[in-house]
Amino acid sequence: MLQVSTIEKEFDRCLEGLKKRGFEDAESHLNEVLTIDADRKKLQGELDDVLHESNKLAKEIGQLFQQGKKEEVNKIKERTSNLKQQSKAMGEELNALESTLTKLLYNIPNIPHSSVPAGKSEDDNEVVKIDDGAIPELKEHKKPHWELIEEFDIVDFELGNKVSGAGFPFYKKEGARLVRGLINYFLDKAVDAGYEEVQPPVVINEASGLGTGQLPDKEGQMYQMEASNLYLIPTAEVPITNMYRDVILKEDQLPIKHAGHTPCFRREAGSWGSHVRGLNRLHQFDKVEVVQVVEPSKSYAVLDEMVAHVQDIIKSLNLPYRILRLCAGDLGFTSVITYDFEVYSAAQEKWLEVSSVSNFEAFQANRLKLRIKNKQGKKELGHTLNGSALALPRIMAAILENNQDGDSIKMPDVLHSYLGFKEIRK
RNA sequence: AGAGGCGUGGCAGAGUGGUCGAAUGCGGCGGUCUUGAAAACCGUUGUGCCGCGAGGUACCGGGGGUUCGAAUCCCUCCGCCUCUGCCA
């Protein structure tokens, strides 16, 4: 969530940014935040005065009791009960103001970076790089992956339907080993790049969902376990970033770099249709996520570092890719700037999103109360970033389609040692 | 899951109704001493909110209550420990 102080100091920039996103009634929202916050401050001061008075009287009563002056005590008690009623009413009003303010702030998205292009939908995203040198020419053998996985019997959707439901496939034989190999390869790359590996829980509580911005608005996108009031994670970003909720980091602990593999669960309600087939969209998929917590002054250098990391992995798999800078309208609620990576899947003749790398600046940190204390003892909110490095199913789809050769599918060289085979045969 | 116990500052650990944001020890930071270091000694050392400031206010797991006054009493939720049960 945005800081009130940011809205106050940089009102015009905030307003402009929200308009760029197409956020309705931006100006009245921002103004309301400032009004309520001013009311809150005023009331807080008044309440403190009342409490001050009543604390003073309570101390007097204590002293009078010790001196045995009971009649005087009774006189003062009348005044305190009056003050108590006042402070109670004021306290309730203050709580109400605070919760209204929080709700308002929860509903205001992050301010896009100045380099983020204007635009409403994915059609307006800006292509910042295309490396399509590796696009294969498929002539005789040009089957989409959903046909290949059936022919080679390596992913089974029917079985998934029976056991779980649509979007929960079984991976089998070389398919299962490819999943395992990719996870290991991606984790090794992350560890080599200095990320500390973690295996987080795949369920999170409500506080964590609020911390990274999945709640309160987007609970419909997560699977919820009502009986225990827990959610299945949509991405490892949630548990990993929440490791640092309510934490004050020392400057010399930074940068915090974590990588973790988890399955990710997404309900994807209403987003199914004939255009999403096979591995293109699933309710459960594997992903290796990288997360960093850094000093504000360094977050853009770190964003570049993360983009380079993802690019390096995709290149090593010899997949054609392009990098998009998301337009304001397509930007996630919590993000200041996001680069999407897409790989080209040659039989579908489609670009598939396989990674999303974002800088949230202090937006998540403000919700998380994630602060950094410098050597002078000054505290400020940290910046959080994360990126997929990488999400598996679409990478699999592109590998299968781009490397098909009739009776076999060749595996990228870098994976051979991870897989124990060089190609998948019928 | 049942019974009992516990939850205090970075850590350890006092405090059972009044002047307690909280003793003490350790750790951290600054200093004295030293060629340097250690030791010793001195000082300092939680977080939020309101305020230009002085200062005020809130926080002893979370929430609620009793009381003029709560770390301390009551209720409730959460977490941890021990025993019993179950189980990869």
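Worth knowing before you read on, the calculation uses all heavy atoms, side chains too, and leaves out hydrogens, waters and symmetry mates. A note on names: the letters A, B, ... follow the listed sequences, proteins ahead of strands, and every chain is numbered from 1.
Taking a pair to require two hydrogen-bonding distances under 3.5 Å in either a Watson-Crick or a G-U wobble arrangement, B/U66 remains unpaired. A 3.5 Å limit on both hydrogen-bonding distances identifies no Watson-Crick or G-U partner for B/A71. Summarising the base pairing, B/G48 is matched to B/U57 through a Watson-Crick or G-U wobble pair whose two defining distances lie under 3.5 Å. Base pairing analysis places B/A14 opposite nothing; no Watson-Crick or G-U wobble pair with both distances below 3.5 Å involves it. Partner assigned to B/G36 is none, using Watson-Crick or G-U wobble distances below 3.5 angstrom. Base pairing of B/G4 is made with B/C81, judged by Watson-Crick or G-U wobble geometry with both donor-acceptor distances under 3.5 Å.
The NZ atom of A/Lys369 sits 16 Å away from the P atom of B/C59 (whole-angstrom rounding). Note: NZ (A/Lys84) to P (B/U66) measures 6 Å, nearest angstrom. For A/Asp48 and B/C49, the CG to C1' distance is 7 Å, given to the nearest whole Å. In this entry the distance linking CG of A/Leu47 with C1' of B/C49 reads 11 Å, nearest Å. The nearest whole Å value for the distance from the CD atom in A/Gln63 to the P atom in B/C68 is 18 Å. In this structure, the CG atom of A/Leu101 is 12 Å from the P atom of B/C49, given to the nearest Å. The separation between A/Asn366 atom CG and B/G48 atom C1' is 13 Å, rounded to whole Å. With rounding to whole Å, A/Met90 atom CE is found 19 Å from B/C49 atom P.
Separating the C1' atom of B/G17 from that of B/C87 is a span of 47 Å, rounded to the nearest Å. One C1' atom belongs to B/C77, the other to B/G18, and the distance between them is 29 Å to the nearest Å. Taking atom P in both B/G61 and B/A14, the straight-line distance is 15 Å, to the nearest Å. The separation of B/U24 from B/G15, taken at their C1' atoms, amounts to 11 Å, rounded to a whole angstrom. Taking the C1' atoms as reference points, B/U45 lies 46 Å from B/U84, given to the whole Å. Nucleotides B/G64 and B/C78 are separated by 14 Å at their C1' atoms, to the nearest Å. Across the C1' atoms, B/A22 and B/C60 are found 8 Å apart, a figure rounded to whole Å. A gap of 10 Å separates the P atoms of B/U19 and B/A70, to the nearest Å.
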- Query: Going through the checks in order, is the ring pair (Phe, Tyr, Trp, His ring centres under 6.0 Å) test met by A/Tyr195 and A/His258?
  - Reply: CA-CA 5 Å; A/Tyr195 291 91; A/His258 286 297; 8.9 Å; no
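In this model, the phosphate group of B/G48 is approached by a side-chain N or O of A/Arg371 to a distance below 4.0 Å at OP1 or OP2. Look at A/His52 and you'll find a side-chain N or O under 4.0 angstrom from OP1 or OP2 of B/U57. For B/U47, the OP1/OP2 oxygens have a side-chain nitrogen or oxygen of A/Lys373 closer than 4.0 Å. Within the structure, a side-chain polar atom (N or O) of A/Asn55 is placed less than 4.0 Å from OP1 or OP2 of B/U57. For B/U47, the OP1/OP2 oxygens have a side-chain nitrogen or oxygen of A/Lys379 closer than 4.0 Å. Listed pair A/Arg40 / B/C50 meets the phosphate criterion, a side-chain N or O lying under 4.0 Å from OP1 or OP2.
For the pair A/Lys42 and A/Glu46, the salt-bridge criterion is met [side-chain N within less than 4.0 Å of a carboxylate O]. Ion pair A/Lys120/A/Asp330 not flagged as a salt bridge, since none of the NZ, NE, NH1 or NH2 atoms sits closer than 4.0 Å to an Asp/Glu carboxylate oxygen. A salt bridge is absent between A/Glu196 and A/Lys257: the closest approach of a Lys/Arg side-chain nitrogen to an acidic carboxylate oxygen does not fall below 4.0 angstrom. Ionic pairing of A/Glu60 and A/Arg79 is not present here: no N-O contact between side-chain nitrogen and carboxylate oxygen is shorter than 4.0 angstrom.
Nearer to the 5' terminus of RNA chain B, by closest-nucleotide assignment, is the contact made by A/Ile248 (compared with the other of A/Lys56 and A/Ile248). Closest-nucleotide positions on RNA chain B for A/Lys250 and A/Asp49 were compared, and the one nearer the 5' end corresponds to A/Lys250.
Aromatic ring centres of A/His416 and A/Phe421: separated by at least 6.0 Å.
A/Lys77 comes within 4.0 angstrom of a base, heavy atoms only. Counting any heavy atom pair closer than 4.0 Å across all strands shown, A/Ile61 reaches a base atom.
Using the six-membered ring where Trp is involved, A/Tyr223 and A/Phe168 have ring planes that are tilted, between 30° and 60° apart.
Residue A/Lys88 has its side chain nearest to B/G65 when only B/U57, B/G65, B/C49 are considered.
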